[in-house]
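These notes are about the structure you will find just below.
Values below: all heavy atoms of this structure, side chains included; hydrogens, waters and symmetry mates excluded.
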Amino acid sequence: MAFWDWKRWEKEIDWMALHGINMPLAIVGEECVWRNMLLKLGYTEKEVGEFIAGPAFLAWWEMNNLEGWGGPLPTSWYARQEKLQKQILARMKQLGMHPVLPGYCGMVPHDAKEKLGLNVADAGLWNGFQRPANLLPTDARFSEIATLYYNELTKLFGKADYYSMDPFHESNDDPNIDYAKAGQAMMQAMKRVNPKAVWVIQGWTENPREAMVDDMKTGDLLVLDLFSECRPMFGIPSIWKREQGYKQHQWLFCLLENFGANVGLHGRMDQLLSNFYSSKKNCKGIGFTMEGSENNPVMFELMSELPWRPEKFTKEQWVKNYVKARYGVEDEAIEKAWLTLAKSIYNCPAGNNQQGPHESIFCGRPTLNNFQASSWSKMKNYYDPAMTKKAAKLMNSVVEKYCGNDRSAMPLSGRENFEYDLVDITRQALADQARLQYQKTIADYKAFSRKQFDRDAERFLQMLLLQDKLLGTRTEFRVGHWTQAALNAGTTAEEKKLYEWNARVQITTWGNRYCADTGGLRDYAHKEWQGLLKDFYYVRWKSYFDALAAQMKAQTAPQPELLGGGLNATKTAAELFAMALPQEVKLDYYAMEEPWTLDQTPYSVAPEGSPVDVAKEVIDFMFNGQCSMVNGK
């Protein structure tokens, strides 16, 4: 949501209202509060700019993970976000919602000890980024700074009934911190603003620390059990199980669903239903805690219905009704497609701890052993790729009936949903088949079958470009809808350049060279999107396959330098023997990736081609090996 404007936010708020959301997180414009606060503490505009992150990285700055990356923000950004947040809050309150505003939990710039003489705990580094420091609650100025923060927040956006605070997020226990006193100090600062306010905190890994919240009263704290469908902490079997749950504190059963806003079908239907209908002491509702929306609508619809259904039901019963509601028709082929998905890719089983969807093979940096694209996903196979292929074929089997010349068979809104799902399901099937194609290509290389390698590598690249073509038929799957939103947020050429760079970096390298390569952040928020596939991922894969082909060709000719001549004349026998073993091709991927992040070639938002026609082309390719594309691009 980094670059959402009011039109997009209004749509989101209305969606939330229609789905029963009455306590939305409202963090837009948080940087405005911090700017005002830091200036009053004596920081200069330049120093503020070095602390607050750029638009695409504000969320990680707000959770105490980094400083300054993607900035500095121009003053016009602050004005834009202040206005936008006021519109958002007005609309939320108009609909009877209780917005959750960000509270103060002690974050300060990492140099606050030198700059302000504060007693702080150094939070160290996060994947190569400097983290902000934590102001110790025992510091004499904690109350003063917390009050200053809330004064600035209230001036801009008013008071709230709920404040979100996640202190010491994803950090090891620090013996210098008295967690009980820290919790008391934060709670007291919040209560001074609104005595009836509730502290909202994530139930995530070490948080909330028992020492911090054990002495708090029931009703003062509301815990979001962040990953209830997979790794709950409320007391049932889980990696993160807490035997006594959250004790006296109230909490919400939450659906995380997606990390990094990655594109891919994914869900845990049986696990979600099983966990939801288990014993839940002090559970007061549900929550959506996804890192990215605009994906997997079926899971958001399923989760939204749970509070209204007192008795457990089966996913099969529910899916049939979902199909009718989504498309406005009852169709056996479409039902079969969705039931196939519900029993496979949408039914990630208990014990599988992967974070979000199965990541597309297209999106990973190429190696001889590609599996997941990011370094975080904890992927493990759990469904047969033949199932997504079957579902795609079933969806494509009825396109003439509903998207042909006679379009009266399906309501307009249903047809719009159908075409979106047709593309998404066909996309998933092609990505899954590409994973099989990758394995064939690597097997060719390992077997030194050079002609077969050339054929299979070319077929993989064709699949990647065909995926790009398919996704180009829907605005939602075009990289232009992301980059154009960033450009639209700017008022000058300089601002537009900064915002577009933010947008491009977040979905690719994420950080600088060190953070991307050594920190492991690259491809964390990868996207299977049109434009990104052909201009970013294709470049990596083509370069890699070319390098493998060149290596194989070189091995057919004499290589006397490997015997100790030329540049290897000083090498030892052990070193030469090591060189005699098969060598993994190593490419400087960051050098390929960074130019795309700096490029300003525009990407269109407008869809190209027919979703129906291109989906059929993909089906023909998967089942018959035929494709209208010749020689790649």
For Arg474 and Glu416: C-alpha separation, side-chain torsions, deciding distance, then whether salt bridge (Lys or Arg N to Asp or Glu O under 4.0 Å) applies. CA-CA 10 Å; Arg474 293 287 306 192; Glu416 182 71 13; 2.9 Å; yes
Would a distance-only check, ignoring hydrogens and angles, find a side-chain to backbone donor-acceptor pair under 3.5 Å from [X] to [Y]?
| X | Y | value |
| --- | --- | --- |
| Thr426 | Leu422 | yes |
| Thr289 | Leu255 | yes |
| Asn352 | Lys380 | yes |
| Asp225 | Phe253 | no |
| Ser238 | Pro232 | yes |
| Arg478 | Ala606 | yes |
| Ser397 | Leu394 | yes |
| Gln437 | Asp456 | yes |
| Arg504 | Asp599 | yes |
| Tyr162 | Leu25 | no |

So do [Y] and [X] actually touch side chain to side chain, heavy atoms under 4.5 Å?
| X | Y | result |
| --- | --- | --- |
| Glu359 | Asp523 | no |
| Leu84 | Trp4 | no |
| Gln530 | Phe477 | no |
| Cys403 | Glu419 | yes |
| Met233 | Trp251 | no |
| Leu306 | Phe313 | yes |
| Tyr383 | Leu265 | no |
| Leu471 | Val423 | yes |

Is a side-chain donor-acceptor pair under 3.5 Å present for Ser360 with Glu528? yes
For a quick check under 3.5 Å, do Asp468 and Tyr538 share a side-chain donor-acceptor pair by atom type? no
Could you go through the salt bridge (Lys or Arg N to Asp or Glu O under 4.0 Å) check for Arg8 and Glu12 one step at a time? CA-CA 6 Å; Arg8 178 64 184 85; Glu12 188 75 6; 3.0 Å; yes
Taking every non-hydrogen atom, the tightest pair across [X] and [Y]:
| X | Y | result |
| --- | --- | --- |
| Ala489 | Trp77 | CB-CZ3, 4.1 Å |
| Leu256 | Phe227 | CB-CD1, 3.6 Å |
| Asp432 | Thr388 | OD2-OG1, 2.8 Å |
| Arg268 | Cys348 | NH1-SG, 3.4 Å |
| Gly70 | Trp501 | CA-CZ3, 3.7 Å |
| Ala431 | Ile361 | O-CG2, 4.0 Å |

Evaluate the side chain to side chain donor-acceptor pair (under 3.5 Å) criterion for residues Asn488 and Gln484: first the C-alpha distance (whole Å), next the side-chain angles of each, then the deciding distance (0.1 Å), finally the verdict. CA-CA 6 Å; Asn488 292 344; Gln484 193 57 51; 3.0 Å; yes
Should the ring pair [X] and [Y] be called parallel, tilted or perpendicular, given that the plane angle runs from 0 to 90° and is split at 30 and 60?
| X | Y | value |
| --- | --- | --- |
| Trp529 | Trp482 | tilted |
| Tyr322 | Trp318 | parallel |
| Tyr524 | Trp510 | perpendicular |
| His19 | Trp15 | parallel |
| Trp204 | Trp240 | perpendicular |
| His266 | Tyr382 | perpendicular |

Would you indicate whether [X], at its atom [atom1], is surrounded by more than 12 heavy atoms from other residues, nucleotides or ligands within a distance under 6.0 Å?
| X | atom1 | result |
| --- | --- | --- |
| Lys86 | NZ | yes |
| Lys336 | NZ | no |
| Lys281 | NZ | no |

Met269 and Val298: side-chain contact (heavy atoms from CB on, under 4.5 Å), yes or no, with the steps? CA-CA 10 Å; Met269 287 189 173; Val298 64; 3.9 Å; yes
Validate the cation-pi geometry between Lys389 and Phe623: distance from NZ or CZ to the six-membered ring centre under 6.0 Å, angle to the ring axis within 45°. yes
For Phe300 and Met290, run side-chain contact (heavy atoms from CB on, under 4.5 Å): C-alpha distance rounded to whole Å, both residues' side-chain angles, the deciding distance at 0.1 Å, then the answer. CA-CA 10 Å; Phe300 289 91; Met290 61 283 169; 3.6 Å; yes
Knowing that exactly one of Glu332, Glu330, Glu335 qualifies, which makes a salt bridge (Lys or Arg N to Asp or Glu O under 4.0 Å) with Lys324? Glu330
Set of residues satisfying salt bridge (charged side-chain N to carboxylate O under 4.0 Å, His left out) with respect to Asp421, sequence neighbours excluded: Arg326
Value rounded to 0.5 Å, distance of [atom1] in [X] from [atom2] in [Y]:
| X | Y | atom1 | atom2 | value |
| --- | --- | --- | --- | --- |
| Gln87 | Asp5 | CD | CG | 9.5 Å |
| Leu466 | Leu461 | CG | CG | 12.5 Å |
| Met299 | Ser304 | CE | OG | 10.5 Å |
| Met23 | Lys284 | CE | NZ | 13.0 Å |
| Ile21 | His98 | CD1 | NE2 | 13.5 Å |
| Lys401 | Ile334 | NZ | CD1 | 7.5 Å |

Side chain to side chain donor-acceptor pair (under 3.5 Å) assessment of Gln428 paired with Asp424: CA-CA 6 Å; Gln428 185 68 53; Asp424 201 13; over 6 Å; no
Evaluate the side-chain contact (heavy atoms from CB on, under 4.5 Å) criterion for residues Met395 and Phe418: first the C-alpha distance (whole Å), next the side-chain angles of each, then the deciding distance (0.1 Å), finally the verdict. CA-CA 9 Å; Met395 291 290 285; Phe418 178 81; 3.6 Å; yes
Take Lys315 and Tyr346 through the side-chain contact (heavy atoms from CB on, under 4.5 Å) test and state the conclusion after the steps. CA-CA 10 Å; Lys315 62 181 183 296; Tyr346 275 115; over 6 Å; no
When you look at Arg91 and Asp14, which way does the salt bridge (Lys or Arg N to Asp or Glu O under 4.0 Å) test go after all the steps? CA-CA 9 Å; Arg91 179 66 171 163; Asp14 288 352; 2.5 Å; yes
